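Note sheet for the following structure.
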Amino acid sequence: MSALWALADVNSMYASCEQVFRPDLQGRPVIVASNNDGSIIARNKEAKAVGIKMGVPLHQCGDLIRQHRVTVFSSQYTLYGDMSNRIMTLFAEMAPAIEVYSIDECFLYYPSGLNQAVTHGAFMRDHIKQCTGLGIGVGFGLSKTQAKLANHLAKTRPETEGVFDFSSLSHLEQTEWMEQIGIEEVWGVGRRYVERLGLMGISTVRQLRDANLEQIKTKFGAVLARTVLELRGISCLPLEAAAPDKQQIMCSRSFAKEVTALPVLRSAIIHHLCRAMQKLRQQESVAAGVVVMIRTNPFKPGQAQYHASMTGMLPVPSDDTLVLQAYTEQVLNRLYRAGYAYKKAGIMLVDVRPKQIEQQDLFAPPPTSAPKRAGLMLAMDQISRRFGAEKIKLASELYHGWEMRRERLSPRYTTRWDELPKVSL
DNA sequence: TCTGGGGTCCTAGGACCC
DNA sequence: TCTGGGGTCCTAGGACCC
């Protein structure tokens with residue numbers, strides 16, 4: 001039996017996580033807004049049914065929301081991340097190897113195949129539902145791309161009851177299904193490719209699968225050619241069991257209210273830097289550069305616009321927040337222009353590499369304070385983790401006025417003792 | 001009033017090397 | 001009039017993903 005892939009994902013993950021703790025919302029439309037309560041990033045099926053669209057600014061949906069009494073939540077990644085960990089733990093018990101692909105998706109790999117894939121998929125659905133309250137869809141195929149496509153059918157065709165298997169179908173049956181699906185549903189085919197492939201007369205998955213490989217390769221590159229092979233059932237993409245270290249780490253946020261003063265902007269940026277540095281130390285890396293980014297609100301074209309970024313490079317890569325802070329503040333001082341209303345700011349750590357092979361600066365003075373500073377960073381990380389990130393800060397972070405809007409936040413049911421759901425017995 | 005936040009990989013072209 | 005043939009590394013931009 002040949003190796004088999006499965007792709008399992010949670011139906012409207014964020015909305016479902018909120019609903020698990022609000023049984024009173026069963027059967028009612030629920031949506032989740034992006035950071036800053038900006039646009040809509042998740043909808044349950046009831047919300048889709050009343051015509052709420054993905055990605056639309058929240059303030060444009062006021063009528064629909066009132067009319068259908070839609071419940072709106074601010075996004076709460078602490079909750080979704082915790083629910084995600086629970087699901088992934090369960091998936092790991094259901095396959096020889098898994099790859100956590102995103103917060104709500106997981107590839108499961110069966111190197112020697114699987115008897116009765118559909119039955120196994122149904123079991124997965126029941127088990128996840130029972131343990132977490134979340135509904136999932138499961139797709140099986142001979143490659144990751146086929147599994148993804150099968151998952152799409154599992155979610156959109158009620159007759160599949162949430163599980164679909166390409167691998168057990170005959171070539172003819174596969175062809176029939178693929179005739180019915182547009183290429184926009186294929187993993188790796190985005191808006192641009194849909195347009196360009198359309199011009200070549202390729203619009204169904206069947207047509208893409210049977211396209212001329214050399215032609216695809218020369219016109220679109222190696223990536224799409226690989227997708228074509230994967231659709232044919234030739235597995236080209238490997239399992240990535242361990243998430244590779246990040247090569248760049250970005251932290252940025254929009255502000256609820258526009259910011260003009262440099263100290264406030266600096267507080268936001270240093271706050272983002274602290275979060276990024278924590279992630280950096282967590283993967284035991286160092287960074288050699290920091291990009292600082294600030295911008296005004298592009299949705300207000302009448303207003304004076306400024307959109308800029310600048311990089312600061314370190315002579316020696318570091319994981320010390322205070323070292324990076326100095327560079328970041330210097331760069332920001334050069335970047336900042338008074339008189340603009342800033343809407344968003346952020347930083348990106350670049351040139352990230354493992355800490356072990358750290359290159360010393362030949363001309364730098366000997367790092368006498370290094371062990372102490374490493375201890376300081378460790379202490380900061382431990383305090384943040386144990387007591388909350390807001391408990392320890394740098395002085396440069398202390399100005400307020402740049403925070404996000406999160407007016408519809410639900411409790412952190414699963415990660416805070418004082419916010420546990422109340423159960424009446 | 002009000003429009004998210006992260007990431008990756010590939011490719012083409014230029015600089016530079018022998 | 002004619003003007004080599006490889007290679008590597010870096011960067012910017014474009015495409016994609018959730």
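Model, not experiment: these values are computed from the prediction. Numbered from 1 within each chain, the chains take letters A, B, ... in sequence-line order.
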>> So A:Gln248, base contact, sugar-phosphate only, or nothing? Heavy-atom distance under 4.0 Å.
In response: base
>> Regarding A:Ile103, tell me which of base, sugar-phosphate or nothing describes its non-hydrogen contacts under 4.0 Å with the strands shown.
In response: nothing
>> Under 4.0 Å between a side-chain nitrogen and a carboxylate oxygen: does that hold for A:Glu403 and A:Arg253?
In response: no
>> Any base atoms under 4.0 Å from A:Val194, or only sugar-phosphate, or nothing? Heavy atoms, all strands.
In response: nothing
>> Tell me the interatomic distance from A:Glu230, atom CD, to C:dC16, atom P, rounded to whole angstroms.
In response: 17 Å
>> Please determine whether a side-chain nitrogen or oxygen atom of A:Lys300 lies at a distance below 4.0 Å from atom OP1 or OP2 of B:dC2.
In response: yes
>> Taking the nucleotide of DNA chain B with the nearest heavy atom to each, does A:Phe255 or A:Ser252 sit closer to the 5' end?
In response: A:Phe255
>> How many whole angstroms separate atom NZ of A:Lys217 from atom P of B:dC9?
In response: 18 Å
> Side chain of A:Lys343: nearest nucleotide among B:dC2, B:dT3, C:dC18?
Replying inline: B:dT3
> Looking only at side chains, do A:Tyr101 and A:Glu240 share a donor and an acceptor under 3.5 Å apart?
Replying inline: no
> Across the strands shown, which category fits A:Phe220 at heavy-atom distances under 4.0 angstrom: base, sugar-phosphate, nothing?
Replying inline: nothing
>> Checking contacts here: which listed nucleotide (C:dC18, B:dG4, B:dT8) is nearest the side-chain heavy atoms of A:Ser254?
In response: B:dG4
>> Any carboxylate oxygen within less than 4.0 angstrom of a Lys/Arg side-chain nitrogen, looking at A:Glu419 and A:Arg412?
In response: yes
>> Just the rounded figure in Å: distance from C1' of C:dC18 to CD of A:Glu185.
In response: 15 Å
>> Considering every strand and a 4.0 Å limit on heavy-atom distances, what is the contact class for A:Val189: base, sugar-phosphate, or nothing?
In response: sugar-phosphate
> Which nucleotide in the list B:dG6, C:dC18, B:dT11 gets nearest to the side chain of A:Ala222?
Replying inline: B:dT11
> Can you tell me if the side-chain N/O atoms of A:Lys344 get under 4.0 Å from OP1 or OP2 in B:dG5?
Replying inline: yes
>> Between A:Asp104 and A:Ser102, is there a side-chain donor-acceptor contact under 3.5 Å, judged purely by atom types and distance?
In response: yes
> How close or far is atom P of B:dG5 from atom CE of A:Met404, stated in whole angstroms?
Replying inline: 8 Å
>> Nearest whole Å is fine: how far is B:dC2 P from A:Ile65 CD1?
In response: 17 Å
> What is the base-pairing partner of B:dG5, counting Watson-Crick and G-U wobble geometry with both distances under 3.5 Å?
Replying inline: C:dC18
>> Under a 4.0 Å threshold between the charged nitrogen and the carboxylate oxygen, would A:Glu179 count as salt-bridged to A:Arg206?
In response: yes
>> Whether A:Arg253 contacts B:dG6 is assessed here as follows: a side-chain N or O lying under 4.0 Å from the phosphate OP1 or OP2. Is that the case?
In response: yes
> Picking from B:dC9, B:dT3, B:dG7, which would you name as closest to the side chain of A:Gln247?
Replying inline: B:dC9
> On DNA chain B, nearest-nucleotide positions of A:Gly55 versus A:Arg275: which is more 5'?
Replying inline: A:Gly55
> Between atom CD1 in A:Ile347 and atom P in B:dG5, what is the gap in whole Å?
Replying inline: 14 Å
> What parts of residues 29-42 of chain A reach DNA chain B, counting only heavy atoms under 4.0 Å away?
Replying inline: A:Ser34, A:Asn35, A:Gly38
> Should the ring pair A:Tyr413 and A:Phe21 be called parallel, tilted or perpendicular, given that the plane angle runs from 0 to 90° and is split at 30 and 60?
Replying inline: parallel
> Quick one: which of A:His271, A:His272, A:Gln325 gives a side chain to side chain donor-acceptor pair (under 3.5 Å) with A:Glu397?
Replying inline: A:His271
> Can A:Lys144 and A:Glu99 be counted as an ion pair, charged N to O under 4.0 angstrom?
Replying inline: yes
> What is the nucleic acid contact for A:Lys257, judged by heavy atoms within less than 4.0 Å: base, sugar-phosphate only, or nothing?
Replying inline: nothing
> Should the pair A:Arg405-A:Glu407 be classified as a salt bridge under the 4.0 Å nitrogen-to-oxygen rule?
Replying inline: yes
> Can you check the A:Tyr193 OH to B:dC10 C1' distance for me, whole Å?
Replying inline: 8 Å
>> I need the CD1-C1' distance between A:Ile183 and C:dA15, as an integer number of Å.
In response: 14 Å
